[in-house]
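What you see is a predicted model, and the numbers here were worked out from it, not measured in a lab. Order of appearance sets the numbers: ligands from 1, and atoms from 1 within every ligand.
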Amino acid sequence: MHTYARAAVSFVRGRGARLWDTNGIEYLDAIAGVAVTNLGHAHPAVTAAIHEQAGQLLHTSNLFGIPWQERLGGQLCRLAGMERAFFCNSGAEANEAALKLARLHARRLGVAHPQVLVMENSFHGRSLATLAATGNPAAQQGFEPLMPGFARAPYDDIDALRMLAAGTPGIVAVLVEPVQGEGGVRIAAPDYLRALRALCSERGWLFMVDEVQTGMGRTGAWFGFQHAGVAPDVITLAKGLGNGFPIGACLARGEAAGLFSPGHHGSTFGGNPLACRVGCSVVEAMEHERIPQRAAELGARLLHGLRQSLGGLPGVREIRGHGLMAGIEMAFPCAWLVPLALERERLLITVTRGNTIRLLPPLICSEGEIDDIVARLRRLVADAAARAGSPGTAV
Ligand SMILES: *Cc1c(COP(=O)(O)O)cnc(C)c1O
């Protein structure tokens with residue numbers, strides 16, 4: 001079905017941060033399948049895990065013990081400071097699990113009409129519940145009536161949050177992204193996440209962090225919340241967890257970890273031996289190659305490079321970054337740069353919110369590849385500004 005406006009390029013092979021199309025032309029990948037192939041394309045450890053497990057056992061169902069699932073759950077809980085894991089197949093499903101935990105938490109509190117506090121400009125997925133949680137009216141349009149039970153606050157605004165908290169009955173949980181990726185690479189201040197944690201503790205709300213995009217090393221730590229030194233009650237993961245193999249997870253600690261009992265939730269495919277073995281190979285490769293630290297170093301290099309080479313160009317409004325997530329906000333709509341980048345620079349980029357170039361390079365890039373991304377973008381953006389006319393002019 002026509003759910004995506006696809007580029008006129010098809011890739012058939014990849015290695016590290018490089019891709020080759022059907023004509024054998026080489027490209028530099030600065031989006032990693034939208035924050036998914038963090039270890040690059042065809043990472044040998046991931047390839048080996050898939051090969052070996054495919055020859056042993058793909059699937060048995062959650063009616064039986066799954067050693068690889070237990071192992072991955074243990075690894076993720078250790079890294080995130082969590083206690084229990086539920087496995088599913090995508091980010092939206094991970095958030096669905098978190099939202100169901102919030103409903104059970106409400107029952108415990110005796111709240112009949114619970115609300116989850118979500119943020120303006122957020123993205124949590126495309127299922128009916130996560131679409132209602134998403135702060136993007138354009139994405140919601142046509143799918144009304146939206147699922148009730150969400151209250152919305154401006155992002156990264158502590159005062160607005162306190163006001164809302166005081167005036168809104170029935171709040172039982174908060175769901176927040178440490179960085180709004182789809183929302184244009186908007187970075188929450190560490191103080192904001194700390195204030196959210198404090199508010200949740202004070203009010204008995206679950207503090208739920210959507211780490212689907214920011215998790216698995218992307219921001220230069222294993223998880224985005226760790227920069228703020230806070231401990232969430234629930235986190236959700238997907239994208240980078242399988243390096244391209246579909247897997248999602250909802251992790252919880254404390255009361256939230258004990259809310260589900262048999263019959264409450266499930267997934268046929270979720271947490272199967274193949275998916276979890278791949279997840280383990282990703283975690284182990286990330287630990288072995290010290291990927292989160294590498295992402296922090298490369299991210300600093302990328303941001304510095306972007307500011308140096310693009311900062312002064314006409315039409316560039318703001319350059320933001322956190323780890324290996326970067327956004328270049330332009331003064332004009334710039335979605336048309338995506339095909340131009342492919343064709344002219346052989347570079348994969350995305351544009352979010354209509355005017356922000358978003359970069360999510362693989363976390364295994366070389367320094368040279370980071371510098372190359374900056375050089376290709378500089379040519380592109382300099383040219384774009386010229387085409388767009390004077391800064392601020394819409395194209
Ligand atoms: C991509 C994303 C999702 C949705 O993940 P899917 O796997 O596409 O369902 C949810 N939350 C955030 C923050 C995301 O970036």
Side-chain angles (χ1 to χ4, degrees), residues 1 3-4 31-38 80 86-102 116-136 138-140 143 147 150 152 155-156 173-188 193 196 207-219 221-225 227 232 234-251 267 269-271 275 278-279 282 320 322-327 350-353 356 358-361 363:
M1 294 188 191
T3 49
Y4 284 84
I31 62 175
V34 196
V36 169
T37 52
N38 287 356
F86 169 78
F87 286 99
C88 51
N89 316 286
S90 67
E93 281 173 87
N95 286 332
E96 288 276 345
L99 294 170
K100 284 180 78 172
L101 287 177
V116 175
L117 190 59
V118 290
M119 306 306 155
E120 287 172 7
N121 209 38
S122 62
F123 184 79
H124 297 296
R126 301 283 196 163
S127 66
L128 282 169
T130 58
L131 183 66
T134 290
N136 180 353
Q140 293 170 334
F143 301 102
M147 196 186 102
F150 295 99
R152 203 168 296 282
Y155 185 61
D156 200 18
V174 171
L175 179 63
V176 66
E177 297 157 274
V179 178
Q180 291 184 329
E182 304 301 308
V185 191
R186 307 210 161 266
I187 304 152
L193 294 178
L196 263 178
F207 181 36
M208 312 199 298
V209 181
D210 182 341
E211 293 272 0
V212 170
Q213 188 160 154
T214 48
M216 304 308 290
R218 178 54 57 185
T219 66
W222 274 93
F223 307 102
F225 71 81
H227 293 284
V234 176
I235 70 167
T236 55
L237 299 175
K239 296 202 163 93
L241 181 52
N243 207 54
F245 197 91
I247 179 170
C250 175
L251 311 182
S267 167
F269 293 135
V278 173
V282 169
R320 299 183 285 271
H322 190 35
L324 263 181
M325 289 179 92
T350 60
V351 166
T352 58
R353 292 279 149 167
T356 302
R358 180 174 49 155
L359 304 175
L360 299 158
L363 311 183

I need the nearest protein heavy-atom contact for [atom]: residue, atom name and distance, please.
atom: atom 11 (N) of ligand 1; result: D210 OD2, 2.8 Å
atom: atom 9 (O) of ligand 1; result: A92 N, 2.7 Å
atom: atom 1 (C) of ligand 1; result: K239 NZ, 1.4 Å

Once rounded to the nearest 0.5 Å, what's the spacing between atom [atom1] of [X] and atom [atom2] of [Y]?
X: E182; Y: H124; atom1: CD; atom2: NE2; answer: 11.0 Å
X: L99; Y: F150; atom1: CG; atom2: CZ; answer: 4.5 Å
X: I235; Y: W222; atom1: CD1; atom2: CH2; answer: 11.5 Å

Structural part of [X] in contact with ligand 1, heavy atom criterion under 4.0 angstrom:
X: H124; answer: backbone
X: E93; answer: neither
X: T236; answer: neither
X: S90; answer: both

message: Using every non-hydrogen atom in the two residues, find where T214 and M325 come nearest and quote the distance to one decimal.
response: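 Between these two residues, the closest heavy atoms are CG2-SD, 3.9 Å.
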message: Apply side chain to side chain contact (heavy atoms under 4.5 Å, CB included) to residues C250 and V234 and explain how you reach the verdict.
response: CA-CA 7 Å; C250 175; V234 176; 3.7 Å; yes
field: Option from L360, V36, V179 for which side chain to side chain contact (heavy atoms under 4.5 Å, CB included) with Q213 holds
entry: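 Among L360, V36, V179, the one meeting side chain to side chain contact (heavy atoms under 4.5 Å, CB included) with Q213 is L360.
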Backbone or side-chain N or O of G91 under 3.5 Å from ligand 1 N or O: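 N/O-N/O distance below 3.5 Å exists for this pair.
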field: Close side-chain approach of D210 to L175, heavy-atom, < 4.5 Å
entry: yes
- prompt: Below 4.5 Å, heavy atoms only, C-beta onward: do R353 and N136 meet side chain to side chain?
  reply: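 They are in contact (side-chain heavy atoms under 4.5 Å apart), so the answer is yes.
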task: Below 4.0 angstrom from a heavy atom of Q213, which ligand 1 atoms are there? Numbered from 1 as shown, please.
output: 15 (O)
message: Using a 4.0 Å cutoff against the non-hydrogen atoms of N95, which atoms of ligand 1 qualify?
response: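 Here the atoms of ligand 1 in question are 10 (C), 11 (N).
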message: Protein heavy atoms near atom 5 (O) of ligand 1, is at least one of them under 4.0 angstrom away?
response: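 So atom 5 (O) of ligand 1 has protein heavy-atom neighbours under 4.0 Å.
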